[in-house]
Amino acid sequence: MRMEKTFELQFPNMILLPFFIMFLSIYLFSYFIIFRNWNPNLRSESSSCLISLFHGTPAVILGCAAVFSDPNRGFDAANTVFQKLVLDYSTAYFLMDLLHYLVFFPGDVLFIAHHLATLFVIVTCRHAVSHGAFAVIVLLVLAEVTSACQNARTLAAARRMEDRFAAKVYDALSVPFCALYSVVRGFVGPYFMYRMIVFYVRGGADGLVPRWIWVSWVVVVVMAIGVSIMWITNLWLQLYRERTRRLDEKIR
């Protein structure tokens with residue numbers, strides 16, 4: 001029994017490095033093989049999109065499975081082994097993508113800060129308190145549920161000026177992506193965050209999750225939601241301008 005318990009506690013720690021190596025391998029393969037003939041300015045960004053694709057949808061599937069497999073689904077619930085594995089999987093991805101930004105885009109302070117803040121939330125949940133994975137994973141699922149569509153659209157956008165098929169994919173995905181992103185980040189995410197804040201403020205996790213930690217989580221997530229709303233608003237405006245310009249060109 002003791003050996004099983006020890007393995008249960010150590011297994012997620014052992015899997016973090018293989019996950020990181022996996023994302024690093026995908027990135028290098030993408031950069032040097034898949035996108036080797038692409039514009040040098042797009043190779044690194046496209047490689048980042050590809051590892052995001054390999055993280056986003058699997059994280060959603062694994063996250064949902066980890067949440068629903070635990071009968072104790074609450075903001076104060078102890079982290080299960082499965083939930084810790086999901087947190088490690090996302091930790092490996094964000095570490096790899098953070099490395100990408102530090103190497104190729106060190107001036108992109110917003111994305112670097114976003115990744116550092118996200119890692120803070122995941123790592124403190126995983127290692128510092130060992131509680132709250134339900135909330136963190138649900139937020140992770142909400143953040144990544146649009147990942148496949150977003151990254152496919154980004155890759156298509158990178159080639160749309162040179163490839164007619166890429167342009168068609170970009171046009172086909174733009175409105176559905178913006179709509180889905182708006183619903184998730186503008187309504188579902190804030191509602192879940194509201195429930196989380198109310199629970200913690202009422203002392204539901206006192207003695208399990210220190211106040212400074214859950215306050216930090218709330219600050220990080222609220223800021224992320226705010227930035228997401230501003231970003232998607234600007235994207236809607238950009239999309240409107242593109243469609244209006246094309247309509248004007250057709251009329252002329």
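- Under the salt bridge (Lys or Arg N to Asp or Glu O under 4.0 Å) criterion, R185 pairs with no residue, sequence neighbours left out.
- Below 30°, between 30° and 60°, or above 60°: for Y31 and Y27 the angle between ring planes is below 30°, a parallel geometry.
- Of all heavy-atom pairs spanning L42 and A158, the tightest one is CD1-O, 3.4 Å.
- Around CZ of F54, the count of heavy atoms belonging to other residues, nucleotides or ligands within 6.0 Å does not exceed 12.
- For the residue pair R153 / S174, a side-chain donor-acceptor distance below 3.5 Å is found, with atom types taken as modelled.
- Ring pair Y101/F111 is parallel by interplanar angle, where below 30° counts as parallel and above 60° as perpendicular.
- Of the inter-residue distances, the one linking Y200 atom OH with R211 atom CZ reads 12.5 Å to the nearest 0.5 angstrom.
- A donor-acceptor pair is defined here as one N or O able to donate and one able to accept, closer than 3.5 Å; no such pair exists between the side chain of Q150 and the backbone of S147.
- Considering every non-hydrogen atom in both S130 and R126, the closest pair reads OG-O, 3.8 Å.
- The shortest side-chain heavy-atom distance between N234 and Q238 does not fall under the 4.5 Å cut-off.
- Between F23 and Y89 the shortest side-chain heavy-atom distance falls below 4.5 Å.
- The CD1 atom of I51 lies 10.0 Å from the CG atom of L28; values are rounded to the nearest 0.5 Å.
- Residues E144 and T57 have side chains not in contact (no heavy-atom distance under 4.5 Å, counting atoms from C-beta outward).
- Figure legend: cation-pi geometry between R43 and F35 absent, as NZ or CZ is not positioned both under 6.0 Å from the six-membered ring centre and within 45° of its axis.
- The one candidate from W214, W217, F192 that meets the ring-ring contact (aromatic ring centres under 6.0 Å, His included) condition with F75 is F192.
- Within the model, atoms CD1 of I197 and CZ of R202 stand 12.5 Å from one another, a figure rounded to the nearest 0.5 Å.
- By the 4.5 Å side-chain criterion applied to Ile, Leu, Val, Met, Phe, Trp and Tyr, L235 is assigned to a cluster that also includes V175, F177, Y181, W231, I232, W236, L239.
- A single hydrophobic cluster is not seen to contain both L173 and L237; linkage of ILVMFWY side chains at heavy-atom distances under 4.5 Å, directly or through other members, places them apart.
- Between the side chains of H115 and D97, a donor-acceptor pair is found at a separation under 3.5 Å.
- The distance from atom CD1 of I34 to atom OG of S47, rounded to the nearest 0.5 Å, is 8.0 Å.
- Scanning all heavy atoms of the two residues, the minimum distance from I112 to P106 falls at CD1-O, 3.6 Å.
- Residue R73 qualifies as enclosed at atom CZ: its count of foreign heavy atoms under 6.0 Å is above 12.
- Contact annotation: the side chain of V129 never approaches that of L208 to less than 4.5 Å [non-hydrogen atoms, C-beta and beyond].
- With hydrogens and angles disregarded, a donor-acceptor distance shorter than 3.5 Å links the side chain of D163 to the backbone of A166.
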Practice task
Step by step, work out the side-chain contact (heavy atoms from CB on, under 4.5 Å) result for H55 and F94.
Solution key: CA-CA 9 Å; H55 168 256; F94 282 107; 4.2 Å; yes
Practice task
Evaluate the side-chain contact (heavy atoms from CB on, under 4.5 Å) criterion for residues F134 and M196: first the C-alpha distance (whole Å), next the side-chain angles of each, then the deciding distance (0.1 Å), finally the verdict.
Solution key: CA-CA 10 Å; F134 165 74; M196 178 178 166; over 6 Å; no
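- Using a 3.5 Å distance cut-off with no hydrogens or angles, the side chains of H100 and S44 do not pair a donor with an acceptor.
- Counting only heavy atoms from C-beta outward, the side chains of L87 and C125 approach each other to under 4.5 Å.
- Distance check: E45 CD to N39 CG gives 10.5 Å after rounding to the nearest 0.5 Å.
- Cluster membership check: V201 does not share its hydrophobic cluster with V198, using side-chain heavy-atom separations under 4.5 Å among Ile, Leu, Val, Met, Phe, Trp and Tyr.
- For the residue pair L62 and V86, the shortest heavy atom distance occurs at O-CG2, 3.7 Å.
- A salt bridge links E162 with R159: the closest approach of a Lys/Arg side-chain nitrogen to an acidic carboxylate oxygen falls below 4.0 angstrom.
- When the side chains of ILVMFWY residues are joined at heavy-atom separations under 4.5 Å, either directly or via intervening members, W38 and F32 end up in a single hydrophobic cluster.
- The minimum heavy-atom distance linking P190 with G186 is given by the pair CG-O, 3.5 Å.
- Two different hydrophobic clusters hold V227 and V218 under the rule that ILVMFWY side chains link at heavy-atom gaps under 4.5 Å.
- A donor-acceptor contact shorter than 3.5 Å links the side chain of S69 to the backbone of A66.
- Checked by atom type and distance alone, the side chain of N79 pairs as donor or acceptor with a backbone atom of A133 at under 3.5 Å.
- Note that CG of D88 is 9.5 Å distant from CD1 of I122, once rounded to the nearest 0.5 Å.
- Nearest heavy-atom pair across V209 and H131 is CG2-CB, 3.9 Å.
- Using a 4.5 Å heavy-atom threshold, the side chains of V121 and V136 count as touching.
- The cluster map of Ile, Leu, Val, Met, Phe, Trp and Tyr, joined by side-chain heavy atoms under 4.5 Å apart, puts V81 and F68 in different clusters.
- The shortest side-chain heavy-atom distance between L155 and L53 falls under the 4.5 Å cut-off.
- Under the 3.5 Å distance criterion, with hydrogens and angles disregarded, a donor-acceptor pair is assigned to the side chains of N151 and S52.
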